[in-house]
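Labels below follow one simple rule: chain letters A, B, ... track the order of the sequence lines, proteins then strands, and each chain is numbered from 1.
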Amino acid sequence: MTYEIETAAKDDSRIVKVSGAARTGKTEVLVRRTAHLIASGIAPESIWVEVSSRIAGDELRSRLADALEESGVDEGAAARVFIARVADICREVLDDERARPACGRAPRILTGAEYKFLLEDLKTSGMKNRTLRSLLRMFARQWASCEPESSWLAPGEPADIMNLLVSKLRHIDAMVPEELAFRCAEYLKGDEGADARHRFAYVLADDYQNLSRAEQTVVCYCAEKQLVVVGNSNQVTTVNTDHPNAEGFENFDDVRHDVSVHTLKKAFGNGKAIAASAELTRHGDMNRLIAAEIPTDDDMGDPREALVCVKWETPVDEINSMSKYIRDLLDEHSDMTRTYIVVPNRAWLRSAVDACRQRGFKVDTAGMSRGIGGDPRETARARALVAYVKLALLADPESAVAWRCWCGFGNYLLNSDAWMHLEEYADERGLDVVRALSWVSDAVACGEEPFLRCKVLAQAWDTGHAIIERDAKRRGFALMSAIGAEKLPEFADIERLMTGDETAAELFALVYRELTDPHFSIDEHRLRFISLEQLCGLSADNIIVLGCVNGFLPNRDAFEVVSTDEDRLSHMNEGRRELASALAKGDRRVILSYFSKADLELAEKTKLQVARVRSENGVRIALLHPSCFIDEMWKTNPGTTGGQQFLAEHGLA
Amino acid sequence: MVQPHPSLLLVLDIDESLATRETRDEVSRCYGYVGSTVIRPHETPEDGTLVNTIEMHVRLAGAKYLREQTAEADDLWNSSIERWLFNQFHTVGNQMMIYNRRQREEGNVELYFDWLVVHFEEGTFKVHVKLNSVSSLPPDCSKVIAQIRQALRDGSIEAHITDVYIPSPESFTAQASAWEEAEPEREAARLEAERIEAEKTAAAEAAAAAAAEENFTEAPDLVPSDEATIDEESWQEELRRRYQLPTPDFEIDYSIWGVAEPDGAIRAFDSDKHRYVDAEEVKGSFAVAEIG
């Protein structure tokens, strides 16, 4: 630990800001500060360390346990520190019985799949899809900015859609993810939320620049005695929000009195990779003033491997050969938790995972944002989604969200018209929608038809209840089988995490949590796959980035002529920041792997940036360029090694 | 039955020093939409004070509607003339203020009028309306004139009377004096209000700063103002300032009328009591309502 880090960790000032380039020890400051507080007698439960994800939280907790052990403090205290995302705190705040009346709804956040049903319901407004989506994006942007709705919600279409959105959400007692921090901040700012403020004596926020303004506001309101924020505006990335407020970190000390500022200068780790990362910061919109002293002592392994670019011919070559290399690399390492395979998208993930499994690896894909996909209009193509909704019903037969989804399966419009009539029916009678569904079912059974298409809903109610009656008491793997989730890839990781005795509610909580905030299992023998943005808050020994080609890195939107210059630049800068951040994290080894051509159909489907098209043996082939960021690192770029030579150097040819 | 609509002739009786070519052109341009407008200069009084009068001649083809005790006269007054008067007072009153505002902006000579004299029935009866400090009058003066008409018809005001002043010059003088005497009180109240407002603002700012300090949020005194918002607000304020019409010092109380005898003597008539009153009653019978 350097003097800089120690000083920052022992700073008892009320407000502390720590900034520094990648790998200068910003997160280490938080770890050390937390350890110092606990060693000083502060109750661990009174400390909140804000992290971007459970993945980052797990690593931080592990580092904290080590730091506590070093200090001679019971490392078990690490388990009692509240290490969580802002979203977790927001849900806790708004789930309180005092917050419910102020908010009007429970903080039950819709998952991506559940959101599809809400979107279909919003289309009953008659508004064009494009306009609707544009308005919803505007809402998300404004919620993130934490400006009061009265200041930006214009009368007319925007207000009408907002009213409809809130009405739909009120009926199912839920929220959309984008509004969570905003509603929480509004509540805490108001008189009703006064008692909910200052929940933690100490709040330490990692990567503060990645939080939206609303999230930053929540963080501030939760602190009582001290607030420590760490970050680097050059590392801003969209992890939990599409609208990170980097300015909120840059100007943090300009708009507050008596902020103690620490700037970390010395970087640790892989000198070559950090130098390459620093070189990237000289491009685009990154702040060139945020720089670090590059470590020169390269005592962390073979310097030839510190930063390598490898060129393959085709994606198949890349994946087959890289999996071979990874097998060789990790053969002597039983602990794989410090190696991350970075893949650009889920299509690449599947191929890479298959190839690695064939090499005998067990894998963990928690680092790739997942969801339960499928088209609810055709249940045969949405088996995972159907299983999820069944589980939701079993977990809570009163869940309006679950019933809404259940009632929408198998219909082109997800029965949004019938659901709208159900809402009106419920409002007229002062019922919630679940009670109203039950009434409708009874009415239909008596031969009545309270509104148009009510029979569809009644039928859904009856089948749903039949499932509940049949399977409510099942547990564990039997339950998984009953809902049809057995052997579905979307539930593979869940099965791994199960003890086998979970009730429906427990299993649903597990599934929901993994959907909204996944984490790697503690199994050290699993190869970890991750996306670039999910590397936020992590450190590693080996970072292997697959698919470093234009179109993946940066994504194709950085090149598309259909976008504006501003949009293209924004995508370019985002990709550059993510790569710069990732480069610095590989303490021993960073490998950037790319390929020069691919089948044209595959290239189009996966949105690669095609440089040229030519025919090879009657097949149309897309020629590709390596990521333009590799060129930007030219001063530090060690040059590209051909794939076969790379394998030969490792005795794998 | 559709009632005839009066037409308007405006005569601006102004001091000869103000009746320049530029003034005539400007008046013609500005007042032209109100009605036919004529400038009639008069000699500057020996004491040099400027007294300007604006005359409103109500032209209705010889119709009789003031003293006539007929249903047609009532119908004409109720359905046409009173409302027309209200509208004309609004238009003319507004026009006088707008004219002067423009003259101020251009650095030209402003025209302030002391009295607006309404000529009824070919000038056989005149009502002299005192204008306020910004040379305007409330449109509701049309109701006062309706009361005068009623007083004429029920004999409270004698048939031979041809001029009524609203308010009487004596009443207006008393109101103006009372307003001036109350100036120190008003000033003290204004200062007190400013002090309280300043204290409130300071307290609010201190509370906001304390809340920001407690909640670790942005300190209000350090947050840079949004330039775009400031520019917008400044521009809006500039517009408001530019186009806001002035407010008079005080609202004139028109309840005490001055009924002029042919020999020039003016007797005070209390419209609330519906009778003539003496000077002492005049002094104690009004309250000056301060504007703003």
Can you tell me how far [atom2] of [Y] sits from [atom1] of [X], rounded to the nearest 0.5 angstrom?
X	Y	atom1	atom2	answer
A:His257	B:Asp221	NE2	CG	3.5 Å
A:Asp258	B:Glu213	CG	CD	6.5 Å
A:Asp253	B:Leu222	CG	CG	10.5 Å

Toward chain B, the part of A:Arg256 with a non-hydrogen atom under 4.5 Å: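 Both backbone and side chain.
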
Let me know if A:Glu224 has heavy atoms under 4.5 Å from chain B in its side chain, its backbone, both or neither.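 Looking at A:Glu224, just its backbone touches chain B.
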
Verify the neighbour count for atom [atom1] of [X]: are there more than 12 heavy atoms of other residues, nucleotides or ligands below 6.0 Å?
X	atom1	result
B:Tyr243	OH	no
A:Glu247	CD	no
A:Glu149	CD	yes
B:Asp25	CG	yes
B:Gln244	CD	no
B:Glu185	CD	no
B:Gln236	CD	yes

Using a 4.5 angstrom heavy-atom cutoff, name the option from A:Asp254, A:Leu188, A:Val259 with the most pairs to chain B. A:Asp254

What heavy-atom pair brings A:Val255 and B:Val223 nearest, and what distance separates the two atoms?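 Of all heavy-atom pairs spanning A:Val255 and B:Val223, the closest is CG1-CA, 4.1 Å.
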
In short, B:Phe216 meets A:Cys220 closest at the heavy-atom pair O-SG, 3.3 Å

Looking at A:Arg14 and B:Glu214, is any side-chain nitrogen of the basic one under 4.0 Å from a carboxylate oxygen of the acidic one? no

Working for side chain to side chain contact (heavy atoms under 4.5 Å, CB included), residues A:His198 and B:Asn215: CA-CA 8 Å; A:His198 317 306; B:Asn215 297 315; 2.9 Å; yes

